[in-house]
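One structure below.
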Amino acid sequence: MLGFNTKREIEKRADNGEVFQTYDSFQTGEEFPPVADRERISKYKRMKKLFEGRHAEVYERASAILKDTPHAPQLKMLYIAVNLADIIVTKPADLLVGEPPSFESGLPDDTPQQKRLNHYVEENDLIKLIHENAIGNGYRGDAWIKTRYGYRQDFSEIEKLGFAIPENIEMEPVIEHVAADCVFPETSRGNVKSYKAVNIATVEYVVSKREEIPFLNVERHVPGFIIYERYRLHEYEGGVDMSWGYPLQVYKIGERVPTGKAEDIVETGVPHLLVHHIPYKSVDDEWYGVGGLEKIETLLAAINDRLVQIDYILWKHSDPTAYGPELEGVGQTKIGGIYIPVSKDDATPGYMTWDGQLTSAFKELEVLISLVFQLSETPQWLFGTVLGENSGGTGTSHTDSAAIKARFMPILSKVKRIRTHYDKAIRDALWTCQILDTVHGDFDFEPVYPKINWQDGIPKNAKEEAEIMNLRTGGKPTIDVKSAIKRQDSVDDEKADEILSRIDADERRVEGFVDATVFNDSAGGDS
């Protein structure tokens, strides 16, 4: 349940629990982050710790249970964090763009739309951007990208020093990441999947020799306009919210101050928002997404606790306590652990050992790891090795593409679901780039909504595909030379044209040589 302050005006719809805010969260007297967004932001921070393998900073269940016992210091020293979260969220990103997709305008290669589309992809390192975005999206559940028109490089320091921006540098459309914990969207009334405005709010500390002063920079996006605001922030005692499992810093918003920009209201010339949301997995009654780690959060904590327990047992009982009769000359007796003297009636020496149930502990560990991979829709053998007897095999028993895809079906279905959200957001961003080029740049063409040809990430058997196509077409060609070069070498139209021109030049050079058979012609000489 969301903990709203009583002074804030909200409207709750009883039929579906939708919350519609009728107040401005970013104004003097309010708190930042807003109460309604703290659970979401705390989840982002908590999942980031999991992804980084810093479990001990969030989860210390075993240490907490035994915190009042002599074992607590030893458990803290022996804490083990196995970072399964990293590989679980990285692998879908690898399959998403491991084989780069192609971007098509649907128009001929020499049209300005296709040329500019190739430019956007190349200059914005779009494949790398998608890969990084998909990894972060995997543990957060939400990702945002922003399209803007401006300089690609940050020239603020040059301007601060009084230098001029180089003349050969031109403004252009730029696609870039936006940190999800800094985005605060406002949904439309009656449609939680639509945004009437998106606020990007970041905390900036201005550091001097004597103090550090925090400010809140707000970049409010509405269709056609961007509104900039800046506020003084104030820290206060008790300004840490621990309600959602992460110590979240809370500020009081103070007076409004100048932004330092030439204009605080900028007209974009684009009839829609320049910010695009990419959920990892979404449902129809919430705007925010579901990450790949939150469903297995407790399992990951249990795996680490089990490893700690196994390690502690092995350390604790690697040097067991001995017992036996009183010994004379104990100083000359070599016993590694503790020795307990017993009465003469129990004179047989021995060791005090404990059945630590290691077999059961390892069995539970195996089950926990299997559950993690099952709930994350990822075959365990996908990473090259398996743990346990019932892990689903090694994945190396199939060689043809159909069998491989069948084995990869769980992860491929997951990647296709993720791809659905990226396809829309990236296409919207590329379309927006074309509009910005025609509105603010020197280009004059009709923007077109592009198409992305995604790959499934599974290595293809080129020979098998060629044989199938040859069979289906009765031996007729099924692809032109240029398309073959683009697919085989993963290049764009310009590079493919360059390769074709080189091929043509080579063929002309070969045709220019004299055929050696002319020297065998006896008509021009003595017989």
Side-chain angles (χ1 to χ4, degrees), residues 43 46-56 58-63 65 75 78-96 98 134-135 137-141 245 280-281 289-314 355-399 403-418 456-458:
K43 183 195 76 170
R46 206 170 61 247
M47 296 301 107
K48 179 67 178 294
K49 296 292 185 182
L50 279 182
F51 172 75
E52 294 175 340
R54 298 160 68 178
H55 303 67
V58 184
Y59 310 104
E60 294 185 6
R61 300 193 314 166
S63 300
I65 292 174
L75 285 174
L78 293 174
Y79 192 84
I80 301 173
V82 54
N83 197 1
L84 291 176
D86 189 313
I87 61 175
I88 286 174
V89 302
T90 301
K91 187 55 64 177
D94 294 340
L95 293 175
L96 185 64
I135 292 177
N137 203 351
Y139 60 79
R140 286 191 308 264
Y280 199 69
K281 182 170 68 173
V290 181
L293 297 184
E294 51 196 273
K295 302 300 183 183
I296 58 174
E297 186 176 4
T298 55
L299 287 173
L300 294 174
I303 288 173
N304 292 320
D305 291 338
R306 183 59 59 213
L307 287 172
V308 170
Q309 182 190 41
I310 292 172
D311 195 38
Y312 179 64
I313 292 171
L314 295 175
D355 184 4
Q357 300 293 335
L358 286 179
T359 302
S360 299
F362 277 109
K363 186 65 176 178
E364 182 188 3
L365 179 63
E366 177 186 329
V367 172
L368 290 173
I369 293 177
S370 298
L371 286 173
V372 164
F373 284 108
Q374 182 178 7
L375 292 178
S376 61
E377 305 172 78
T378 307
Q380 191 178 155
W381 47 261
L382 188 63
F383 304 99
T385 185
V386 295
L387 179 67
E389 299 176 356
N390 301 316
S391 54
T394 62
T396 59
S397 58
H398 302 83
T399 54
I404 292 175
K405 285 187 177 182
R407 293 281 285 165
F408 272 73
M409 186 56 66
I411 187 70
L412 289 181
S413 299
K414 179 179 181 179
V415 172
K416 287 180 180 179
R417 181 175 64 241
I418 298 169
D456 58 17
I458 303 298

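We're numbering straight along the sequence, starting at 1. What you are looking at is a predicted structure, and each value in this text was computed from that prediction instead of being measured.
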**Message:** Determine whether a donor-acceptor pair (N or O, by modelled atom type, separation under 3.5 Å) exists between the side chain of Asp86 and the backbone of Glu52.
**Reply:** no

**Fill in**
So CD1 of Ile369 and CD1 of Ile303: to nearest 0.5 Å the spacing works out to 5.0 Å

**Request:** Write down the atom of Phe51, the atom of Asn83, and the distance for their closest heavy-atom approach.
**Result:** O-ND2, 3.1 Å

**Asked** Do Ile296 and Ile88 touch side chain to side chain, with heavy atoms closer than 4.5 Å?
**Response** yes

**Message:** Would you compute the distance between atom CG of Leu293 and atom NZ of Lys48 and round it to the nearest 0.5 angstrom?
**Reply:** 12.5 Å

**Prompt:** Tyr139 versus Lys49: any side-chain heavy-atom pair under 4.5 Å?
**Reply:** no

**Message:** Minimum heavy-atom separation for Arg46 and Gly245, please, with both atom names.
**Reply:** CD-O, 4.0 Å

**Item:** Trace of the side chain to side chain contact (heavy atoms under 4.5 Å, CB included) decision for Ile87 with Thr378
**Value:** CA-CA 10 Å; Ile87 61 175; Thr378 307; over 6 Å; no

**Fill in**
Separation between CG (Leu95) and OG1 (Thr90), nearest 0.5 Å, reads 11.0 Å

**Message:** Looking at Glu377 and Lys281, is there a salt bridge between them, counting it only when a charged N and a carboxylate O are closer than 4.0 Å?
**Reply:** no

**Message:** For the backbone of Arg140 and the side chain of Lys43, can you confirm whether one donor and one acceptor N or O come within less than 3.5 Å of each other?
**Reply:** yes

**Request:** May I ask you to test the Ile418-Tyr280 pair for a side-chain heavy-atom distance under 4.5 Å?
**Result:** yes

**Residue pair Asp456 / Val415, side-chain heavy-atom distance below 4.5 Å** = no

**Message:** Restricting to non-hydrogen atoms, name the atom on Pro92 and the atom on Ile411 that form the minimum distance, rounded to 0.1 Å.
**Reply:** CG-CD1, 4.1 Å

**Asked** Which of these, Val290, Val372, Leu375, sits in a side chain to side chain contact (heavy atoms under 4.5 Å, CB included) with Lys295?
**Response** Val290

**Asked** Does Met47 reach the side chain of Glu297, with side-chain heavy atoms less than 4.5 Å apart?
**Response** yes

**Inter-residue atom distance Leu96.CG - Lys91.NZ, 0.5 Å rounding** = 13.0 Å

